[in-house]
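A quick write-up on the structure given underneath.
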Amino acid sequence: MDAATIYLPPTLELKIDLTDEQFLQLCQNNRELKFERTQSGELIIMPPTGGTTSDRNSDLNFQLRSWNRQHNLGKVFDSSGGFKLPNGADRSPDASWVRIERWEALTSEEKDKFLPLCPDFVIELRSPSDSLQTLRSKMQEYIDNGARLGWLIDPKRRVIEIYRPDRDVEILSSPSTVSGEDVLPGFVLDLTQIW
């Protein structure tokens, strides 16, 4: 029997009732796709990004990991890392960071699956096919579920939206750098390669 190929639209949302274990298995069996699941159980299927977005995302993760290696304050995750948020959603930010004491509090089994927590810090990098409204909702969801700092980076508009608990979103136009503040002490993201 020949294998079938399914062509999906850039973003597809389905309501499928999956257990956490079934969702994890779906993700592992289809590594060429990126899956997320909303709080209400809608399955979101996203194809791989284009070269420009992938290069930018790689640079974001490189800078974050480099800072973390120097300070050893937590763990860095790329867009393949999944998180089971307190509200029940399964999300995979483009880059994220978790304080070391929160990481070490997890069991070995929890570390091998979607992490049962919200990252302390998240980055979402807007690709050409991403809806700005959808990304803004995700950023607010991260903050509502415990993220202490989040950046929505939009290279096309050259804008960074900074999300923090109990504060209005701060918008920076064409900054050359952005600070990790007290969440990531000493981390400054160089945006010259992102723009």
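These values consider heavy atoms only, across backbone and side chains, with no hydrogens, waters or symmetry-generated copies.
Taking 4.5 Å as the limit, some side-chain heavy atom of Leu24 sits within range of a side-chain heavy atom of Phe114. Residues Arg65 and Arg69 are in side-chain contact: their nearest non-hydrogen atoms beyond the backbone lie under 4.5 Å apart. Here the side chains of Leu115 and Glu110 are not in contact, with every heavy-atom distance at 4.5 Å or above. A heavy-atom distance below 4.5 Å is found between the side chains of Leu149 and Ile162. In this structure, Lys138 and Arg91 have side chains that are in contact, with non-hydrogen atoms separated by less than 4.5 Å. With contacts defined as side-chain heavy-atom distances shorter than 4.5 Å, the pair Arg164/Glu181 qualifies. Residues Glu161 and Met139 form no side-chain contact, since every pair of their non-hydrogen atoms from C-beta on lies 4.5 Å or further apart. Between Ile160 and Pro175, the closest side-chain pair of non-hydrogen atoms falls below 4.5 Å.
Here the CH2 atom belonging to Trp151 is positioned 12.5 Å from the CG atom belonging to Leu125, to the nearest 0.5 angstrom.
Checked against the 6.0 Å centroid threshold, Trp97 and Trp103 do not count as a close aromatic pair. The aromatic ring centres of Phe77 and Phe83 sit less than 6.0 Å apart.
Side-chain N or O atoms of Asn61 include one that pairs as donor or acceptor with a backbone N or O of Asn57 at under 3.5 Å. Side-chain atoms of Arg99 do not come within 3.5 Å of backbone N or O of Pro119 as any donor-acceptor pair. In this structure a side-chain-to-backbone donor-acceptor pair under 3.5 Å is missing from Thr49 to Thr53. The backbone N or O of Asp120 lies less than 3.5 Å from no partner atom in the side chain of Arg148, so there is not a single donor-acceptor pair. Not one N or O on the side chain of Ser66 forms a donor-acceptor pair closer than 3.5 Å with the backbone of Phe62.
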### Asp59 vs Ile194, side chain to side chain contact (heavy atoms under 4.5 Å, CB included): CA-CA, chis, key distance, verdict
CA-CA 8 Å; Asp59 192 70; Ile194 307 302; 3.7 Å; yes
### Task
Tell me, with the steps shown, if Tyr163 and Arg136 meet side chain to side chain contact (heavy atoms under 4.5 Å, CB included).
CA-CA 9 Å; Tyr163 291 75; Arg136 285 175 171 158; 3.3 Å; yes
### Message
Run the side chain to side chain contact (heavy atoms under 4.5 Å, CB included) test on Asn87 and Asp144 for me, step by step, so that the C-alpha distance in whole Å, both residues' side-chain angles and the decisive distance to 0.1 Å come before the verdict.
### Response
CA-CA 9 Å; Asn87 71 356; Asp144 292 345; over 6 Å; no
### Task
Test side chain to side chain donor-acceptor pair (under 3.5 Å) on Asp130 and Ser127 and set out the steps.
CA-CA 5 Å; Asp130 286 336; Ser127 66; 3.1 Å; yes
### Derivation and outcome, salt bridge (charged side-chain N to carboxylate O under 4.0 Å, His left out), residues Arg157 and Asp154
CA-CA 6 Å; Arg157 297 182 309 133; Asp154 186 346; 2.5 Å; yes
### Message
Apply side chain to side chain contact (heavy atoms under 4.5 Å, CB included) to residues Leu85 and Glu141 and explain how you reach the verdict.
### Response
CA-CA 9 Å; Leu85 302 183; Glu141 181 179 47; 4.0 Å; yes
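Shown are Val159, Asp94, Ile123; of these, the side chain to side chain contact (heavy atoms under 4.5 Å, CB included) with Ile153 is made only by Ile123.
Glu124 and Tyr142 form a side-chain donor-acceptor contact under 3.5 Å, judged by distance and modelled atom types alone.
Note: Phe187 and Trp67 have tilted aromatic rings, judged against thresholds of 30 and 60 degrees for the angle between ring planes.
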